[in-house]
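Have a look at the structure below, then the notes.
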Amino acid sequence: MTVRKIVPVILSGGSGTRLWPMSRPEMPKQMLALTADETMLQLTAGRALGDRYAAPIVVANARHAELVEQQLAEAGAAPQALILEPAGRNTAPAIALAALAAKAASAGGGGDALLVMPSDHVIGDVAAFHAAIEAAMPLVAQGWLVTFGIAPDAPETGYGWIQIGDELQPGINRVARFVEKPPLDKAQSMLASGDHAWNGGIFLFLADAYLEALAQFHPGILVATREAMDKARIEGTRVYPDAAAFAASPDDSIDYAVMEKADRVAVVPVAMGWNDVGSWDALHAISDRDASGNAHRSDKDGDVLAIDTQNCFVRSDGIRVSLVGVEDLIVVASGNDVLIMPRGRSQEVKKLIEAMKAKA
């Protein structure tokens, strides 16, 4: 099959609570300019512009419709469809909605390739990403489901891993197995083995290939999402899937629902400066730092004054933050909230979120 276009599918339904207090349900991290002047959503859309790519299909929370439209318009990446989920149902149903929309819009049926990208990841080497996409396209055209394996540089326990199997074509291998988030000793062993990669959650496949895999391995998702799209309300480029039908869909990730079960699943190992920016520690690690290891940034009228500080991450969107004689701290000020914690413990933000919910 000749693939005419690659359709970017941008998943923008996450709430990004691990980056509280800046990331909140009403303004999640993908809508924020955390790593550059552009927001993370805009950076994601910018990776798939040009003749090779069609206009994106974006799957987002209905409450963010105007924000998504505004930010993509500013980035010159207006979507062909903005699918607004009435409720969160994980990645497998979200991608199904996009695949059904792409199939309906394509003159060739389901023959366009879908490049599925989370909206809140960093890719430092976009050229390497594009090269990996091109390496995958011959197998994608044959109906393979492709994922991208991130070259690991640490025994990361917060990511899923992929064991890389036999080479299928230059630069692309069969997936031997998917590994769930491992304990440290297992992660260390996989890193040392040299035949494992991080699972970055980026996928490339034909719309038809994905829908056929759902029909085989998780038909409940396909039935529910197809009904939701058949009954959808359409307003310009906005698509509102039927809420009752979509609510009937099982809640499952693409990894569990399809990728771990299907036979023709391939991985492109790639080193492309990827980071999922899943914590303030992760953002500190990829930020520009001064000679003392500090990464300070303020927005709007905010200011940061740091004297005799080392290895601190400070971010403010309003108030002035001043530090003297401290080290290894994360300080984030947003609105009326200030977060202070030692570096290395930013994953514990979720404890704060849970405690605040309990007090509400």
Side-chain angles (χ1 to χ4, degrees), residues 11-35 40 61 63-64 87-91 118-122 154-161 179-188 198-201 251-253 255-256 274-287 289 293-299 302 304 306 309-319 321-323 326-360:
L11 303 180
S12 185
S15 58
T17 53
R18 289 179 295 176
L19 292 182
W20 182 88
M22 284 195 165
S23 179
R24 302 167 185 262
E26 65 273 15
M27 182 65 79
K29 74 172 183 177
Q30 63 267 28
M31 306 296 178
L32 301 174
L34 293 173
T35 64
M40 300 193 78
N61 187 313
R63 73 190 298 184
H64 302 142
R89 276 295 178 271
N90 215 316
T91 54
S119 60
D120 55 359
H121 291 181
V122 165
E156 181 61 58
T157 60
Y159 301 148
W161 291 62
V179 182
E180 297 307 313
K181 295 177 181 179
L184 180 59
D185 59 341
K186 189 172 182 180
Q188 291 170 331
W198 293 336
N199 184 351
D251 181 323
D252 215 343
S253 72
D255 290 315
Y256 286 128
W274 174 92
N275 192 296
D276 75 343
V277 197
S279 68
W280 291 116
D281 279 306
L283 189 55
H284 177 264
I286 63 173
S287 296
R289 296 186 289 278
N294 300 304
H296 301 328
R297 182 173 174 180
S298 60
D299 302 328
V304 176
T309 68
Q310 293 183 323
N311 302 319
C312 290
F313 178 90
V314 184
R315 189 73 186 261
S316 173
D317 64 10
I319 64 172
V321 177
S322 302
L323 301 90
V326 295
E327 61 184 41
D328 294 318
L329 287 182
I330 292 169
V331 182
V332 183
S334 181
N336 294 322
D337 292 299
V338 179
L339 168 71
I340 303 172
M341 58 169 40
R343 279 185 51 232
R345 295 184 63 179
S346 61
Q347 291 290 351
E348 296 178 50
V349 167
K350 60 187 177 183
K351 294 181 180 179
L352 289 174
I353 303 298
E354 291 166 1
M356 286 186 285
K357 286 180 179 177
K359 288 184 66 176

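Just so you know, residue 1 is the first one in the sequence shown, and it goes up from there. Values below: every heavy atom of this structure, side chains too, minus hydrogens, waters and symmetry copies.
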(request) Before giving the answer on side-chain contact (heavy atoms from CB on, under 4.5 Å), spell out for Lys186 and Trp161 the whole-Å C-alpha distance, their side-chain angles and the decisive distance to 0.1 Å. (result) CA-CA 11 Å; Lys186 189 172 182 180; Trp161 291 62; over 6 Å; no
Item to check | Ile319 side chain reached by Val338 side chain, heavy atoms, under 4.5 Å | outcome: yes
Do Pro25 and Arg63 come within less than 4.5 Å of each other through their side chains, counting heavy atoms only?
yes
- Task: Take Asn294 and Leu323 through the side-chain contact (heavy atoms from CB on, under 4.5 Å) test and state the conclusion after the steps.
- Result: CA-CA 11 Å; Asn294 300 304; Leu323 301 90; over 6 Å; no
Exercise for review: May I ask you to decide if Trp20's main-chain N or O and Trp280's side chain share a donor-acceptor pair within less than 3.5 Å?
Suggested key: yes
Problem - Check: Ala282 main-chain N/O paired with Ser279 side-chain donor or acceptor under 3.5 Å - result: yes
Run Asn90 and Ser253 through side-chain hydrogen bond (donor to acceptor under 3.5 Å, both in side chains) and show every step you take.
CA-CA 5 Å; Asn90 215 316; Ser253 72; 5.0 Å; no
Nearest heavy-atom approach of Ala333 to Met22 is O-CE, 3.8 Å
Mind telling me whether Tyr159 and Trp198 have parallel, tilted or perpendicular rings, with 30° and 60° as the class edges? perpendicular
Please assess Met31 against Ser12 for the test side-chain contact (heavy atoms from CB on, under 4.5 Å), listing each intermediate value before the final yes or no. CA-CA 9 Å; Met31 306 296 178; Ser12 185; 3.7 Å; yes
When you compare the side chain of Asp317 with that of Ser334, does any pair of heavy atoms fall below 4.5 Å? yes
Practice prompt. Assess whether atom CZ of Arg345 is packed by more than 12 heavy atoms of other residues, nucleotides or ligands within 6.0 Å.
Written response: no
Check your understanding: Quick one: are Glu348 and Leu352 in side-chain contact, heavy atoms under 4.5 Å?
Key -> no
Would you please test Thr17 and Val349 for side-chain contact (heavy atoms from CB on, under 4.5 Å) and show each step? CA-CA 8 Å; Thr17 53; Val349 167; over 6 Å; no
For Asn336, look at atom CG and say whether over 12 heavy atoms of other residues, nucleotides or ligands are found less than 6.0 Å away. no
dist Met40:CE -> Asp276:CG (nearest 0.5 Å) comes out at 8.5 Å
In terms of heavy-atom contacts, Arg289 and Ala295 come closest through CG-CB, 4.0 Å
In this structure, OG of Ser346 is separated from NE2 of His284 (nearest 0.5 Å) by 11.0 Å
Original post:
Do the non-hydrogen side-chain atoms of Ser287 and Arg297 ever get within less than 4.5 Å of each other?
Top reply: no
Rounded to the nearest 0.5 angstrom, the NZ-CG distance for Lys181 and Asn199 is 10.5 Å
side-chain contact (heavy atoms from CB on, under 4.5 Å) test vs Thr91 passes for just one of Leu11, Asp251, Asp255, namely Leu11
Problem set entry | Minimum side-chain heavy-atom gap Val331-Cys312 below 4.5 Å | no
CG of Asp281 to CD1 of Ile330, rounded to nearest 0.5 Å, is 4.0 Å
Output for pair (Leu32 CG, Arg24 CZ), nearest 0.5 Å, gives 10.5 Å
Closest heavy-atom pair, His296 versus Ala306, reported as atoms and distance to 0.1 Å, is NE2-CB, 3.3 Å
Only residue of His121, Arg18, Lys29 satisfying side-chain contact (heavy atoms from CB on, under 4.5 Å) with Val277 is Lys29
Within the side chain of Arg343, is there an N or O that forms a donor-acceptor pair under 3.5 Å with the backbone of Glu327?
no
d(Ser23 OG, Leu34 CG) to nearest 0.5 Å is 7.5 Å
